[in-house]
Amino acid sequence: MSEPKTNILWGGRFAAGPDALMEAINASIGFDRRLYACDIAGSKAHAAMLADCGIISEEDAAAIGQGLDTILQEIESGGFEFSAALEDIHMNVEARLAELIGPAAGRLHTARSRNDQVATDLRLWVRAAIDGLDGDLADLQSALIDRAEAHAGAVMPGFTHLQSAQPVTFGHHMLAYAAMFERDRARMQDARRRVNESPLGAAALAGTSFPIDRAQTAAALGFDRPMANSLDAVSARDFALEFLAACAICATHLSRLAEETVLWSSAQFGFVALSDSFSTGSSIMPQKRNPDAAELVRAKAGRIVGALTGLAVVMKGLPLAYSKDMQEDKEPVFDAADSLALCVRAMSGMIREMTVNGDRLRAAAGAGFATATDLADWLVRELGLPFREAHRVTGALVKLAEAHDVDLAGLSLEQMQGVEPRLTGAVFDVLSVHSSVASRTSLGGTAPDNVRAAAAAARAALAVGRAP
Ligand code: ARG
């Protein structure tokens with residue numbers, strides 16, 4: 001009879017190995033292998049610190065460091081054999097280290113637990129994800145700013161309730177999104193400050209009796225400081241929730257831009273045409289150019305918001321400190337980060353490559369009595385009417401134009417004077433969409449000169465960049 005296969009790392013207390021279902025539900029190696037580089041970096045910092053503090057010998061620390069470097073190479077070259085029996089990345093690495101360097105490997109886990117180890121690894125991973133997303137978002141902003149500069153004066157309909165409201169410029173619309181992504185980047189940077197604290201050395205939950213130097217490992221891993229409370233250090237996942245919240249908000253912005261791309265590229269709007277490389281065809285309708293990438297960006301907000309919701313529900317009600325529930329933190333974090341990066345990049349490609357149809361934009365800009373507010377403002381400015389009265393007069397003029405099936409500029413002065421006798425021919429100057437946008441010079445307004453200045457300012461801010 002063969003011996004039961006107990007776990008090599010804690011088998012001492014066990015007489016039997018796990019049931020196959022136990023292994024299946026318990027193993028996280030299928031997804032947490034992505035933490036390998038963070039895990040190895042954390043272990044190297046820990047081993048070096050243990051030696052510096054006289055807790056393990058220099059020789060053992062050197063052997064551990066070399067062994068870990070070998071494992072890193074093995075994993076990166078695809079030669080490492082991951083084992084579900086070894087549950088997670090931490091134990092896979094440690095077991096391999098034991099094979100490579102023998103008993104000295106067993107000293108690595110001195111003054112450490114998988115609880116502080118996994119929290120450290122995930123913080124390092126999230127920090128890198130934030131830095132990657134920051135670059136991707138800056139690239140998207142750059143694409144939007146390019147478009148804003150090119151189309152600073154291109155009038156288009158501005159909508160509220162998806163009804164023609166007032167003309168704006170296409171550049172202004174692009175810069176609205178650039179501003180949203182600026183806030184998304186800022187939110188990520190703000191979260192990064194709280195991500196960037198080291199749990200390492202909190203050990204299982206209570207700290208350790210070994211004379212460790214947590215500031216040393218924190219600094220070696222680029223953390224700003226060690227976390228102050230050992231219970232908090234191993235229990236906290238609000239750093240992951242905050243990251244997911246920032247991802248979710250950013251995903252809603254992308255989804256709105258994607259939705260507008262879908263609308264704008266339809267035959268009915270015809271504002272833009274997506275490039276071939278970001279369109280798909282239909283297997284049955286030869287005329288089709290479908291905006292699949294935009295639709296998927298719109299949809300992926302669902303899974304990213306779901307990741308936030310999912311982890312929030314996992315975390316609620318967990319007693320301190322570590323519970324295995326928290327192993328469920330990784331998949332939502334990985335999935336949200338991957339999905340968001342993909343969406344941001346696909347959106348940058350779509351924005352860069354799409355063709356903007358200025359004629360269609362201009363024609364649509366005038367539809368729906370879009371300059372009615374300009375007319376009302378003229379009545380206030382030139383005739384001194386209270387705005388509410390000007391609103392009423394303009395409404396009557398819109399009704400008249402509608403009855404004659406013309407736009408406001410299509411009414412004759414006589415027809416207009418039938419509604420308000422003091423109207424003069426000068427009113428026609430404000431009825432064009434170009435004069436409408438040109439007049440919107442207030443701070444943040446859509447006047448083409450404003451848009452050019454705003455694009456230049458956004459470009460300059462982008463060039464200066466932000467210290468990660
Ligand atoms: N795979 C585990 C996780 O992702 C590592 C921590 C395990 N800690 C423990 N006490 N069982 O959370």
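Worth saying up front: this structure is predicted, and the values here are computed from it rather than measured.
For the pair P448 and V437, the minimum side-chain heavy-atom distance is below 4.5 Å.
Atom CZ of R107 sits in a sparse spot, with 12 or fewer heavy atoms from other residues, nucleotides or ligands closer than 6.0 Å. Summarising the local packing, CZ of R352 is surrounded by more than 12 heavy atoms from other residues, nucleotides or ligands at distances under 6.0 Å.
Side chain of N450 to backbone of G445: a donor-acceptor contact under 3.5 angstrom is found. A distance-only check finds a donor-acceptor pair linking the side chain of D213 to the backbone of A215 [under 3.5 Å]. In this structure, E23 contributes its side chain and P18 its backbone to no donor-acceptor pair below 3.5 Å. When atom types are taken as modelled, the side chain of R127 and the backbone of G222 share a donor-acceptor pair closer than 3.5 angstrom. A donor-acceptor pair under 3.5 Å is absent between the side-chain atoms of N115 and the main chain of Y322, judged by distance alone. In terms of modelled atom types and a separation under 3.5 Å, the side chain of Q327 and the main chain of N26 share a donor-acceptor contact. Although no hydrogens or angles enter the test, the distance criterion places a donor-acceptor pair under 3.5 Å between the side chain of T169 and the main chain of A152.
L50 CG to I64 CD1: the interatomic distance, rounded to the nearest 0.5 Å, is 7.5 Å.
Ring pair F271/W264 is tilted by interplanar angle, where 30° to 60° counts as tilted.
In this structure, E99 pairs ionically with R96, as a charged nitrogen and a carboxylate oxygen lie closer than 4.0 Å. Taking 4.0 Å as the cut-off between side-chain N and carboxylate O, R187 and D190 do not count as a salt-bridged pair.
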**Message:** Walk me through whether M326 and V314 qualify under side-chain contact (heavy atoms from CB on, under 4.5 Å).
**Reply:** CA-CA 7 Å; M326 288 153 72; V314 167; 5.5 Å; no
**Request:** Determine, stepwise, if the pair R112 / H109 fulfils side chain to side chain donor-acceptor pair (under 3.5 Å).
**Result:** CA-CA 5 Å; R112 185 179 75 170; H109 218 50; 3.2 Å; yes
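Judged by the 6.0 Å and 45° rule, R33 forms a cation-pi pair with F82. Cation-pi geometry between R360 and F269 is not met at under 6.0 angstrom from the ring centre and within 45 degrees of the axis.
A side-chain contact (heavy atoms from CB on, under 4.5 Å) with F223 is found for exactly one of V195, L200, T120, T217, namely T120.
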